[in-house]
A.B. asks: 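For reference, the structure I am asking about is given below.
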Amino acid sequence: MEVSKELILNALWETLYMVSISLFFGSIIGIFLGILLVVTRKGHIYENRFIFSIVNPIVNIFRSIPFIILLVAIIPFTRLMVGTSIGTTAAIVPLVLHIGPYISRLVENSLLEVDEGIIEAAKAMGATPIQIIFRFLMPEAFASLILSITTATIGLVGATAMAGAIGGGGLGDVAITYGYQRFSTITIFVTVLILVIVVQGVQSLGNIFERKIRRV
Amino acid sequence: MIEFRRVSKVFDGGEKKVEALKEINITVEKGDIFGVIGFSGAGKSTLIRTVNLLEYPTSGEVIVEGKDLAKMSEKDLREAKKNIGMIFQHFNLLNSKTVFDNVAMPLLLGKKKKKEIEERVNEILRFVGLEDKAMNYPNQLSGGQKQRVGIARALATNPSILLCDEATSALDPQTTKAILNLLKRINEEYKITILIITHEMEVIKEICNRVAVMEDGSVIESGNVIDIFARPRTETTRNFIRSVVRDEVPSSVYGLLNEDAYFSRIFKIDFLGLSSGQPIVSKTAKRFNVEINVLFGNITELQGIPFGNLIVEIIGNEDEIDRALQFIKNQNVKVKEVTKDGSKQRAHFKRLVGNAVHG
Ligand SMILES: Nc1ncnc2c1ncn2[C@@H]1O[C@H](COP(=O)(O)OP(=O)(O)O)[C@@H](O)[C@H]1O
Ligand SMILES: [Mg+2]
């Protein structure tokens with residue numbers, strides 16, 4: 001049995017839906033935690049041992065749970081959040097919890113790359129800590145942040161393939177149910193091809209933005 | 001005015017403590033260009049950073065324009081910092097922002113009106129000679145231009161004090177001169193007190209009126225630049241001075257020393273001021289029956305006053321040389337005879353090095 005064009009298009013739509021919604025919420029969480037991880041560390045503008053020593057291990061725990069296990073493990077929480085534990089929308093909850101902490105590490109790295117001299121200059125001109133974050137650190141790290149978000153997006157595309165386990169749909173789901181379980185080589189080929197194109201597209205877009213911002 | 005009162009700073013890195021500042025007492029007067037010189041690790045950066053509290057003193061006080069910033073609330077401190085500009089060795093500009101936006105930043109933080117910001121930024125960019133670079137990004141500029149942006153940014157809020165942390169150390173000698181000239185203009189035209197730290201005596205020599213020498217966390221010598229140059233009390237200071245004014249007697253001069261039949265003695269004349277140096281030599285030669293050859297000279301200028309030394313050979317009969325020498329000594333210069341015995345090959349060398357005067 002072959003899959004229809006509608007099925008593939010529908011799956012592509014589901015993938016893009018899951019990726020974009022979870023990227024949106026994941027970025028909010030990730031950027032917030034990433035900033036927190038930077039500014040609360042020792043010697044930084046909001047040095048706070050307590051907050052740092054809570055956020056840091058939590059991020060590590062989420063980073064170390066394989067997505068397929070996270071997916072199943074948080075089913076009660078998912079139900080609490082979106083009222084159901086199966087379907088495309090239900091997949092978004094674990095995707096956010098998976099990608100948020102990942103983005104926070106990437107953001108942390110991007111912000112730590114900013115020359116310390118910039119913070120010195122900011123402090124010397126009497127900037128408040130909030131001003132230091134949003135007028136100095138973030139703009140200086142912006143190009144690097146774009147690349148981080150690009151990497152996270154591609155990670156999300158990969159993670160959505162597993163969303164089929166809870167009936168999330170998407171291209172990965174199609175590839176597994178029609179391709180693997182029903183031996184349709186052509187389906188695997190087509191879905192993989194589309195995934196490759198999506199990933200390539202995201203990466204190229206990210207690179208273009210980054211270069212534009214860095215003006216190189 | 002900046003007063004350091006018994007300022008100490010200890011960095012406590014667990015097992016090893018670093019005493020970066022030990023009871024520093026110096027006063028930077030209004031209108032000074034005050035230089036702090038010392039080798040790397042002497043504590044200069046730590047010292048300058050206590051002025052705007054990038055570093056808090058462990059003990060002691062830093063009084064800036066009559067106020068102890070360490071006792072202020074966060075809010076007042078931020079306000080006080082607008083009165084203290086700072087520039088850095090590596091400029092610390094925002095690479096993601098244009099020259100205009102970099103200079104506008106301190107005003108933006110102070111929530112000034114757009115129109116006001118625009119006027120002020122353009123005015124200050126004109127002053128540092130970068131009005132045509134306003135829309136460029138820092139990575140499109142040379143080192144000297146970047147430092148001009150740094151200076152413009154530091155001056156944007158009209159501070160009364162400018163702190164310079166190794167501001168010219170990343171620049172080539174020519175660019176260094178240009179930036180130093182700009183700092184001097186800032187001092188003169190805007191009446192801004194400048195505290196500059198450096199490991200290059202050239203910087204002190206070029207623009208400072210007062211200087212403190214730091215070593216190992218302490219100020220080992222301080223005073224007017226002219227006094228320090230004329231009468232250094234420590235070996236460290238002497239070494240720094242030697243880096244801009246050669247002081248040693250060149251070995252070729254020793255080769256000229258002789259014990260031949262007719263008299264020739266070699267002297268080193270250290271001088272400071274207008275009535276000294278060349279005029280003394282020509283006056284002496286005219287007044288006494290001696291011939292004077294300038295063998296070597298190192299002359300420079302300190303705040304418009306000639307400073308340096310001449311190594312001269314005085315030829316004549318014994319009495320006449322003595323009288324000439326007495327005359328020179330009365331001119332308020334320091335004279336020392338070059339005596340260390342060398343070889344006897346004097347005659348042919350003499351004319352070769354005879355006119356090697358350089359500054
Ligand atoms: N944040 C810091 N933590 C620990 N030690 C420091 C710190 N900053 C400076 N030091 C130490 O203090 C001493 C003086 O440093 P610094 O003021 O930078 O010297 P300079 O500017 O004269 O080269 C050095 O031994 C340096 O290692
Ligand atoms: Mg230093």
Side-chain angles (χ1 to χ4, degrees), chain A residues 31 34-35 38-49 53 107 109-150 206-216, chain B residues 11 13 45 48-49 51-55 69 72 74-98 101-111 135-140 146 149-150 153-157 159 161-166 170:
Chain A
I31 290 172
I35 291 174
V38 171
V39 299
T40 59
R41 68 178 46 215
K42 195 163 187 300
H44 220 286
I45 48 178
Y46 274 127
E47 177 174 344
N48 189 317
R49 227 199 190 127
S53 62
V107 168
N109 284 336
S110 296
L111 293 182
L112 288 177
E113 271 169 32
V114 176
D115 189 347
E116 273 186 44
I118 296 287
I119 301 174
E120 291 257 324
K123 283 184 184 165
M125 52 180 99
T128 63
I130 292 292
Q131 286 174 328
I132 294 179
I133 294 170
F134 292 103
R135 292 214 181 264
F136 294 80
L137 283 180
M138 295 292 275
E140 281 299 278
F142 195 51
S144 166
L145 285 171
I146 291 291
L147 286 187
S148 297
I149 298 295
T150 305
N207 288 349
I208 289 168
F209 274 134
E210 189 256 358
R211 292 171 78 87
K212 224 181 159 68
I213 291 161
R214 276 203 219 278
R215 300 174 313 279
V216 288
Chain B
F11 288 109
S45 292
I48 202 167
R49 290 159 54 86
V51 178
N52 57 1
L53 293 184
L54 289 179
E55 217 70 81
L69 301 198
M72 285 183 175
E74 291 274 321
K75 191 160 166 291
D76 290 345
L77 175 59
R78 277 196 289 274
E79 218 36 58
K81 280 182 180 177
K82 306 219 157 92
N83 192 35
I84 309 172
M86 187 170 198
I87 59 175
F88 307 87
Q89 177 172 6
H90 299 295
F91 324 122
N92 298 351
L93 302 176
L94 287 150
N95 288 314
S96 59
K97 301 213 181 291
T98 59
D101 287 339
N102 266 284
V103 177
M105 184 58 88
L107 301 169
L108 212 61
L109 299 181
K111 304 202 165 52
M135 288 306 136
N136 286 74
Y137 286 87
N139 58 14
Q140 300 168 321
K146 283 182 194 171
V149 178
R153 180 175 70 176
L155 297 184
T157 50
I161 289 171
L162 179 62
L163 308 175
C164 313
D165 187 344
E166 302 275 5

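Quantities reported herein were computed from a predicted structural model and do not represent experimental measurements. So you know, we letter chains A, B, ... as the sequences are listed, proteins then strands, and number each from 1. When reading the values below, keep in mind they use all heavy atoms of this one structure, side chains included, and skip hydrogens, waters and symmetry mates.
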A.B. asks: Let's go through A:R135 and B:M105 carefully: what are the C-alpha distance in whole Å and the side-chain angles of both, what is the deciding distance for side chain to side chain contact (heavy atoms under 4.5 Å, CB included) to 0.1 Å, and is it a yes or a no?
C.D. replies: CA-CA 9 Å; A:R135 292 214 181 264; B:M105 184 58 88; 4.1 Å; yes
A.B. asks: Please list, chain by chain and in numerical order, all residues satisfying salt bridge (Lys or Arg N to Asp or Glu O under 4.0 Å) with B:R78, sequence neighbours excluded.
C.D. replies: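 Listed in chain order: B:E74.
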A.B. asks: Measure distances from B:L93 to the heavy atoms of chain A and classify the residue's part below 4.5 Å as side chain, backbone, both or neither.
C.D. replies: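 Backbone only.
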A.B. asks: Is the number of heavy atoms from other residues, nucleotides or ligands under 6.0 Å of A:F142 CZ greater than 12?
C.D. replies: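 Count not over threshold, so no.
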A.B. asks: Kindly write out the residues that satisfy side-chain contact (heavy atoms from CB on, under 4.5 Å) with B:Q89, not counting sequence neighbours, or none if the list is empty.
C.D. replies: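 Result, side-chain contact (heavy atoms from CB on, under 4.5 Å) vs B:Q89: B:E166, B:S169, B:A170.
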A.B. asks: Which answer fits A:F136, side chain, backbone, both or neither, if we ask what part of it has an atom under 4.5 Å from a heavy atom of chain B?
C.D. replies: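 Looking at A:F136, backbone and side chain both touch chain B.
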A.B. asks: Identify the two heavy atoms, one from A:A124 and one from B:F88, that lie closest to each other, and give their separation to 0.1 Å.
C.D. replies: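 In terms of heavy atoms, the two residues are closest at CB-CZ, 4.3 Å.
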A.B. asks: Between B:K97 and A:E140, does any NZ, NE, NH1 or NH2 come within less than 4.0 Å of an OD or OE carboxylate oxygen?
C.D. replies: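 Salt bridge between A:E140 and B:K97, a charged N being under 4.0 Å from a carboxylate O: no.
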A.B. asks: For A:E47, does the CD atom sit with more than 12 other heavy atoms under 6.0 Å from it, leaving out its own atoms?
C.D. replies: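 Count over threshold, so yes.
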A.B. asks: Considering only heavy atoms, which portion of B:L94 lies under 4.5 Å from any heavy atom of chain A: side chain, backbone, both, or neither?
C.D. replies: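 Looking at B:L94, backbone and side chain both touch chain A.
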A.B. asks: Which residue out of B:K82, B:H90, B:E79, B:R49 racks up the most heavy-atom pairs below 4.5 Å with chain A?
C.D. replies: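 When all of B:K82, B:H90, B:E79, B:R49 are compared, B:R49 has the most.
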A.B. asks: Give me the atom names and distance for the closest heavy-atom approach of B:L109 to A:Q131.
C.D. replies: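 Minimum heavy-atom contact is O-NE2, 3.3 Å.
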A.B. asks: Tell me, for B:N95 versus chain A, whether the close heavy atoms (under 4.5 Å) come from the side chain, the backbone, both or neither.
C.D. replies: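 When you check distances to chain A, atoms from both the backbone and side chain of B:N95 fall under 4.5 Å.
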A.B. asks: Return the CG to NZ distance between B:N52 and A:K123, rounded to the nearest 0.5 Å.
C.D. replies: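 Between B:N52 CG and A:K123 NZ, I get 10.5 Å after rounding to 0.5 Å.
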A.B. asks: Can you find a heavy atom in the side chain of B:M86 that is under 4.5 Å from one in the side chain of A:E120?
C.D. replies: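 No, too far: nothing below the 4.5 Å cut-off.
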